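The structure under discussion appears below in the form of structure tokens.
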Amino acid sequence: MRIAVTGSIATDHLMTFPGRFADQLVADQLHTVSLSFLVDTLDVRRGGVGANIAFGMGQLGATPVLVGAAGSDFDEYRAWLDRHGVDTASVRISEVLHTARFVVTTDADHNQIGSFYTGAMSEARLIELKAVADRVGGLDLVLIGADDPEGMLRHTEECRTRAIPFAADFSQQIARMDGDEIRILLDGAAFLFSNEYEKGLIEAKTGWTDEEILARVGHRVTTLGARGVRIERVGHDPIEVGVPEEKAKVDPTGVGDAFRAGFLSGLAWGVGLERAAQVGCMLATLVIETLGTQEYELSRVHFMDRFTKAYGHEAAQEVVSHLT
């Protein structure tokens, strides 16, 4: 099963200021702020929704096709993804813009000042999925993840036109989208991904009830945080899967992306919805135990030991042969 993952490609530049922002602000001069903070640390991490999901699938051996836009500074990031099993040949490289990046400084009180540069991400709207499908010999599913909003709409319409099954995954872009856009993006989706909060926001913005939305998608996949995930489809009982026991809760960033990576890998393997959700929950647990969205290492033995402990030997037997 050939799966393309569309979504943002970005880097995060994280800095730490040892003092307090509040001590540097003069109350009657806030209209003319001019400040520079001498920071102690700089941590550059690879990120972006599309890249995070594709990386996780690559770690599981699912060979995803990453579809997104980056800048000429993408070479090192591309090499990293290629080395971890991601097909990056369909990433568009901008001739004029840098790869998207988030730059943030955190002070001693955990207050933050940050900026997000969309950069090359805005060129995702120029990518034609037909060219991607022709290159790889066809696509069985396209995940439409958070990206340039116009690009998300174009990918969705192209999937409908070309009868390519697609999964809708708005994540952080849902805040800026209106009801009309959300209705377009989810109608006819084979899968609709969201967390509980996003689920309510989708219903509020579209004006559609839970039942009306479920009638318009093949499967509604809702992540429930520490309670796991629920999968719903018309005419079937919900499937609910819990999460494995965590060794530590280090960093929640990228956990949702990891679940999607595991779930989509399970679909590619053909192991069924419950098993796919279990793989997703297991990968998400490994990510929450790690600092960073792509900093975890996936050992086949370690993964299967944890998976077996959480879901039993029968479930493990269905999964183990697919791991590479």
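Each residue takes its place number in the sequence, starting with 1. Since we're looking at a predicted model, the values are computed, not measured.
- Looking at every heavy atom in both residues, I127 comes nearest to G68 through CD1-O, 3.3 Å.
- At least one donor-acceptor pair under 3.5 Å links the side chain of S94 to the backbone N or O of V96.
- The pair K309-D305 fails the salt-bridge criterion, with no side-chain N (NZ, NE, NH1 or NH2) lying under 4.0 Å from an Asp/Glu carboxylate O.
- Of the possible donor and acceptor atoms, one in the side chain of R183 sits under 3.5 Å from a partner among the backbone N and O of T206.
- By the criterion of side-chain heavy atoms lying less than 4.5 angstrom apart, applied directly or through intervening Ile, Leu, Val, Met, Phe, Trp or Tyr residues, Y197 is grouped together with I182 in one hydrophobic cluster.
- In this structure the side chain of W269 reaches within 4.5 angstrom of the side chain of V279, judged on heavy atoms.
- Counting heavy-atom neighbours within 6.0 Å of L38 CG, excluding the residue itself, gives a total of 12 or less.
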Verdict with supporting geometry, R227 and E196, salt bridge (charged side-chain N to carboxylate O under 4.0 Å, His left out): CA-CA 11 Å; R227 305 196 320 277; E196 281 190 293; 2.9 Å; yes
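- Residue L66 is not grouped with residue I164 when hydrophobic side chains (ILVMFWY) are merged at heavy-atom distances under 4.5 angstrom, including chains of intermediate members.
- Here the rule is side-chain contact (heavy atoms from CB on, under 4.5 Å) with H13, and of V44, V104, D43 only V44 fits it.
- The CD1 atom of I231 lies 11.0 Å from the OG1 atom of T223; values are rounded to the nearest 0.5 Å.
- When each of T6, V67, V142 is paired with V132, the side-chain contact (heavy atoms from CB on, under 4.5 Å) condition holds for V67 and for no other.
- The environment of D178 atom CG is dense: over 12 non-hydrogen atoms of other residues, nucleotides or ligands sit within 6.0 angstrom.
- Under the 4.0 Å criterion applied to side-chain N and carboxylate O atoms, R160 and D187 are not assigned as salt-bridge partners.
- The two residues G71 and A120 have their closest heavy-atom pair at N-CB, 3.8 Å.
- A donor-acceptor contact closer than 3.5 angstrom links the side chains of T253 and D251.
- Residues passing the ring pair (Phe, Tyr, Trp, His ring centres under 6.0 Å) test with F17 are F21, F37, sequence neighbours excluded.
- Remark: side-chain polar atoms of D140 are paired, donor with acceptor, to backbone N or O of R2 under 3.5 angstrom.
- Between Q173 and D147 there is no side-chain heavy-atom pair separated by less than 4.5 Å.
- Taking CD1 of I213 as the reference point, atom NZ of K199 lies at 7.5 Å (rounded to 0.5 Å).
- Of the possible polar contacts, none joining the Q59 side chain to the H84 backbone as a donor-acceptor pair under 3.5 Å is found.
- One finds a salt bridge joining E128 and R162 here, because a Lys/Arg side-chain nitrogen approaches an Asp/Glu carboxylate oxygen to under 4.0 Å.
- Between I202 and S194, the closest side-chain pair of non-hydrogen atoms falls below 4.5 Å.
- Heavy-atom minimum distance, I9 versus A70: CG2-CB, 4.5 Å.
- Y117 places no side-chain N or O within donor-acceptor distance of the main-chain N or O of T99, the cut-off being under 3.5 Å.
- At least one donor-acceptor pair closer than 3.5 Å links the side chain of E198 to the backbone N or O of N195.
- Minimum interatomic distance between L286 and Y296 (heavy atoms only, all atoms of both residues): O-CB, 4.5 Å.
- Distance alone, capped at 3.5 Å, places no donor-acceptor pair between the K247 side chain and the T285 backbone.
- Salt bridge R306/E289: present, at least one basic N to carboxylate O contact under 4.0 Å.
- Under the 4.0 Å criterion applied to side-chain N and carboxylate O atoms, D148 and R154 are not assigned as salt-bridge partners.
- Between F191 and F193, the ring-plane angle classifies as parallel under the 30° and 60° cut-offs.
- Side-chain heavy atoms closer than 4.5 Å link hydrophobic residues (I, L, V, M, F, W, Y) into clusters, and following such links, even through other members, never connects V217 to V229.
- Comment: D257 does not engage R260 in a salt bridge, judged by the lack of any side-chain N to carboxylate O separation of less than 4.0 angstrom.
- Side-chain contact between R46 and T293: absent, with no pair of heavy atoms (C-beta onward) separated by less than 4.5 Å.
- Using a distance-only test at 3.5 Å, with no hydrogens or angles considered, no donor-acceptor pair links the side chain of H322 to the main chain of V320.
- A pairwise comparison of heavy atoms in Q278 and A315 identifies OE1-CB, 3.7 Å as the closest pair.
- Here the closest heavy-atom approach between residue L129 and residue C159 is recorded as CD1-SG, 3.8 Å.
- Follow the hydrophobic side-chain contacts under 4.5 Å out from L60 and you reach F263 in the same cluster.
- For T88, the side-chain hydrogen bond (donor to acceptor under 3.5 Å, both in side chains) partners are R78, D82, not counting sequence neighbours.
- For the pair E158 (side chain) and K130 (backbone), a donor-acceptor distance under 3.5 Å is present.
- Put simply, the side chain of C281 reaches to within 4.5 Å of the side chain of F259, judged on heavy atoms.
- For S90 and R135, the side-chain atoms include at least one donor-acceptor pair closer than 3.5 Å.
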Given the rule in the salt bridge (charged side-chain N to carboxylate O under 4.0 Å, His left out) test, do R216 and E212 qualify, once you have shown the distances and angles that lead to the verdict? CA-CA 7 Å; R216 286 175 164 82; E212 289 173 323; 5.4 Å; no
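- Around atom NE2 of H219, more than 12 heavy atoms belonging to other residues, nucleotides or ligands sit under 6.0 Å away.
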Do T106 and Q112 pass the side chain to side chain donor-acceptor pair (under 3.5 Å) test, and can you show the C-alpha distance, the side-chain angles, and the key distance before you say yes or no? CA-CA 4 Å; T106 304; Q112 292 185 320; 3.0 Å; yes
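- Residues L141 and V65 do not share a hydrophobic cluster, defined by chaining ILVMFWY side chains whose heavy atoms lie under 4.5 Å apart.
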